[in-house]
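First comes the structure, then the notes that go with it.
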Amino acid sequence: MPELPEVETIKNVLLPIVKNRKILGVEILRKSVVYGLKEEFIEFVTGTSILNITRRGKFLIFHLSEQKVIISHLRMEGKYYELAENEALSKYARVVFHLDNQTKLCYDDLRSFGRMAMSDEASYLTSKPLIDLGPEPFDITDVNFLYKQGQKTKRPIKTSLLSQKLFVGLGNIYVDEVLFKSGLHPLTPTKYLSIDDWEMVVAHSKSILKDAIASGGTTVKSYRPGKDISGNFQTQLRIYGRRGQKCVVCHRNLRFIKVGGRGTTFCPQCQLHAHSPLKIAIVGKIAAGKSTVLDIFMQAGYC
DNA sequence: CTTTTATCCTGTGGGC
DNA sequence: TGCCCACAGGATAAAA
């Protein structure tokens with residue numbers, strides 16, 4: 001669900017609400033959401049205070065007293081919100097933190113894909129899962145490492161960008177936006193990207209993510225950064241969710257394919273395959289298989 | 001080592 | 001209406 005701008009927004013909305021609150025108790029309503037033993041987690045958190053909340057990629061980091069840290073990932077549907085102690089929990093509440101001001105911090109997760117893990121200040125950045133993350137997009141000043149890393153794989157560029165290993169923050173929505181703006185076909189083998197391509201990918205990632213943060217994120221389906229708050233970047237999406245429509249730039253029919261199992265919308269005119277011929281002739285007699293071949297090319301998004 | 005596949009869950013919407 | 005299937009913003013462990 002949430003990508004970098006949504007997690008950043010959630011962090012900003014949540015911090016003033018829970019900062020310096022002491023956690024009096026914890027209820028775990030779905031134990032699979034917490035790594036390790038339920039009792040261990042409750043013991044770990046109870047009695048600590050929430051000193052700060054930060055973000056690393058799409059992970060939320062709760063900094064507690066006693067050098068304790070909770071790493072929280074919302075995956076598709078996770079969300080945090082505060083309720084008064086006497087208010088009823090939602091059907092999808094998975095973890096509830098009881099605070100010292102008659103309120104409770106609720107973690108809701110319809111699909112229960114989200115996870116929370118215990119860690120500490122000394123090691124959370126250098127142990128899994130954060131250890132494998134690439135840099136924050138806003139910290140990138142030199143794209144050379146991306147070019148070098150990219151040379152090693154022929155995986156589709158979209159898959160590489162979603163992996164969070166080159167740099168963090170892009171999910172299925174923003175990666176389609178970035179590739180569209182960069183004029184790159186989502187199936188382009190990563191090794192074919194030039195230094196200039198990487199410059200463009202990084203520049204557009206920064207500007208799109210920055211604009212999305214300024215809009216409070218994108219509200220698709222159920223995302224809410226907080227109670228009664230929703231993002232509105234969805235009005236600025238130029239390619240994501242426009243399946244079946246025409247390109248906002250060239251007015252050709254947009255194409256929808258699967259890349260690494262993820263739904264992908266792109267413009268066949270504005271996003272050409274890098275380093276592939278622009279024209280191919282297919283000749284043959286009737287029933288020789290020309291249209292079959294054409295279908296395969298079209299399926300792959302070459303024409 | 002890299003890359004692909006299966007999996008964790010629940011709900012919604014389209015087609016028949 | 002009911003049923004079945006495809007799809008949904010993500011990451012990870014296991015398998016290949």
Side-chain angles (χ1 to χ4, degrees), chain A residues 1-10 28-36 55-61 71-80 90-95 107-117 127-134 148-180 186-187 189-191 205 208-209 212-213 215-225 230-244 256-265:
Chain A
M1 161 199 177
E3 305 177 37
L4 187 150
E6 291 74 36
V7 179
E8 179 70 15
T9 303
I10 289 164
I28 298 174
L29 305 171
R30 179 67 67 96
K31 62 182 178 184
S32 63
V33 166
V34 171
Y35 281 119
R55 177 190 60 72
R56 176 75 175 96
K58 304 175 195 170
F59 290 84
L60 271 179
I61 318 294
I71 302 169
S72 171
H73 199 299
L74 284 53
R75 297 285 180 93
M76 306 284 217
E77 300 278 347
K79 47 191 70 76
Y80 283 100
S90 120
K91 182 179 173 182
Y92 306 114
R94 305 304 188 204
V95 181
Y107 175 71
D108 255 41
D109 194 339
L110 184 150
R111 293 169 77 179
S112 294
F113 275 8
R115 292 290 181 269
M116 289 182 207
S127 54
K128 65 171 189 177
L130 302 194
I131 183 68
D132 295 322
L133 297 180
K148 280 185 181 151
Q149 285 285 110
Q151 294 279 82
K152 297 178 189 169
T153 179
K154 58 178 176 53
R155 283 198 302 180
I157 180 60
K158 170 158 177 170
T159 305
S160 293
L161 292 175
L162 284 176
S163 78
Q164 309 298 302
K165 287 190 169 65
L166 292 173
F167 65 91
V168 299
L170 298 181
N172 207 36
I173 296 178
Y174 298 113
V175 75
D176 277 10
E177 295 296 314
V178 167
L179 291 174
F180 176 67
L187 288 173
T190 306
K191 64 193 295 185
S205 296
I208 288 170
L209 292 173
I213 291 170
S215 300
T218 298
T219 299
V220 181
K221 288 192 179 179
S222 62
Y223 160 79
R224 290 283 183 286
S230 60
N232 62 353
F233 190 74
Q234 63 277 10
T235 59
Q236 297 176 55
L237 297 176
R238 292 163 64 81
I239 191 81
Y240 176 84
R242 291 183 182 268
R243 176 182 188 171
F256 182 85
I257 58 173
K258 290 276 184 179
V259 180
R262 314 298 302 279
T264 302
T265 309

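Note that the structure is a prediction, hence the values are computed from the model and not measured. Basis for what follows: all heavy atoms, side chains included, without hydrogens, waters or symmetry-related copies. So that the names make sense, note that chain A is the first sequence line, chain B the second, and so on, each numbered from 1.
- Distances were taken from every side-chain heavy atom of A/F113 (C-beta onward) to each of B/dC9, C/dT12, C/dA11; the shortest belongs to B/dC9.
- A straight line from CG of A/L166 to P of C/dA11 spans 13 Å, rounded to a whole angstrom.
- Whole-Å rounding puts the A/L110 CG to C/dC7 C1' distance at 14 Å.
- Using a 4.0 Å cut-off, no side-chain N or O of A/R115 falls inside it from OP1 or OP2 of B/dT7.
- Going from atom CZ of A/R75 over to atom C1' of B/dT10 covers 15 Å, rounded to whole Å.
- Following rounding to the nearest Å, A/N172 (CG) and C/dG10 (P) show an atom-to-atom distance of 6 Å.
- The CG-C1' distance, from A/D176 to C/dG10, rounds to 15 Å in whole Å.
- Looking only at atom types and distance, the side chain of A/Y107 has no donor-acceptor partner in the side chain of A/S72 under 3.5 Å away.
- Between A/K31 atom NZ and B/dC9 atom C1' the separation is 16 Å, expressed in whole Å.
- Between A/Q149 atom CD and B/dT3 atom P there is a gap of 11 Å when expressed in whole angstrom units.
- Distance from the side chain of A/K91 is smallest for B/dG11 among the nucleotides B/dG11, B/dT3, B/dT10.
- Within the structure, every side-chain polar atom (N or O) of A/K152 is placed at least 4.0 Å from both OP1 and OP2 of B/dT2.
- What separates CG of A/D132 from P of C/dA11 is a distance of 12 Å, to the nearest Å.
- Here the side chain of A/Y92 is nearest to one of C/dA13, C/dG10, B/dT10, namely B/dT10.
- With a 4.5 Å cut-off on side-chain heavy atoms, A/Q236 and A/S215 count as touching.
- At a threshold of 4.0 angstrom between heavy atoms, the contacts of A/T153 are confined to the sugar-phosphate backbone, with no base atom among them.
- The shortest side-chain heavy-atom distance between A/I71 and A/M116 does not fall under the 4.5 Å cut-off.
- For A/R55, the CZ atom counts as densely surrounded, since its 6.0 Å shell holds more than 12 non-hydrogen atoms of other residues, nucleotides or ligands.
- Residues A/H73 and A/P129 are not in side-chain contact: their nearest non-hydrogen atoms beyond the backbone lie 4.5 Å or more apart.
- Considering only side-chain N and O atoms, A/T159 lies nowhere under 4.0 angstrom from the phosphate OP1 or OP2 of B/dT3.
- Nucleotides B/dC9 and C/dC4 place their P atoms 22 Å apart, quoted to the nearest Å.
- If you check B/dA6 for Watson-Crick or wobble pairing at under 3.5 angstrom, you find it paired to C/dT12.
- Residue A/Q164 places no side-chain N or O under 4.0 Å from the OP1 or OP2 atom of C/dG10.
- Distance from the side chain of A/F256 is smallest to C/dA8 among C/dA8, C/dA11, B/dC9.
- When each of C/dA8, C/dT12, B/dC8 is scored by its nearest atom to the side-chain atoms of A/K258, the top-ranked nucleotide is C/dA8.
- Within the nucleic acid shown, A/R243 has no heavy atom closer than 4.0 Å to any nucleic acid atom.
- Of the candidates B/dT4, B/dT10, C/dT12, the closest approach to any side-chain atom of A/R155 belongs to B/dT4.
- In this structure, the side chain of A/R94 engages the main chain of A/D109 through a donor-acceptor pair within 3.5 Å.
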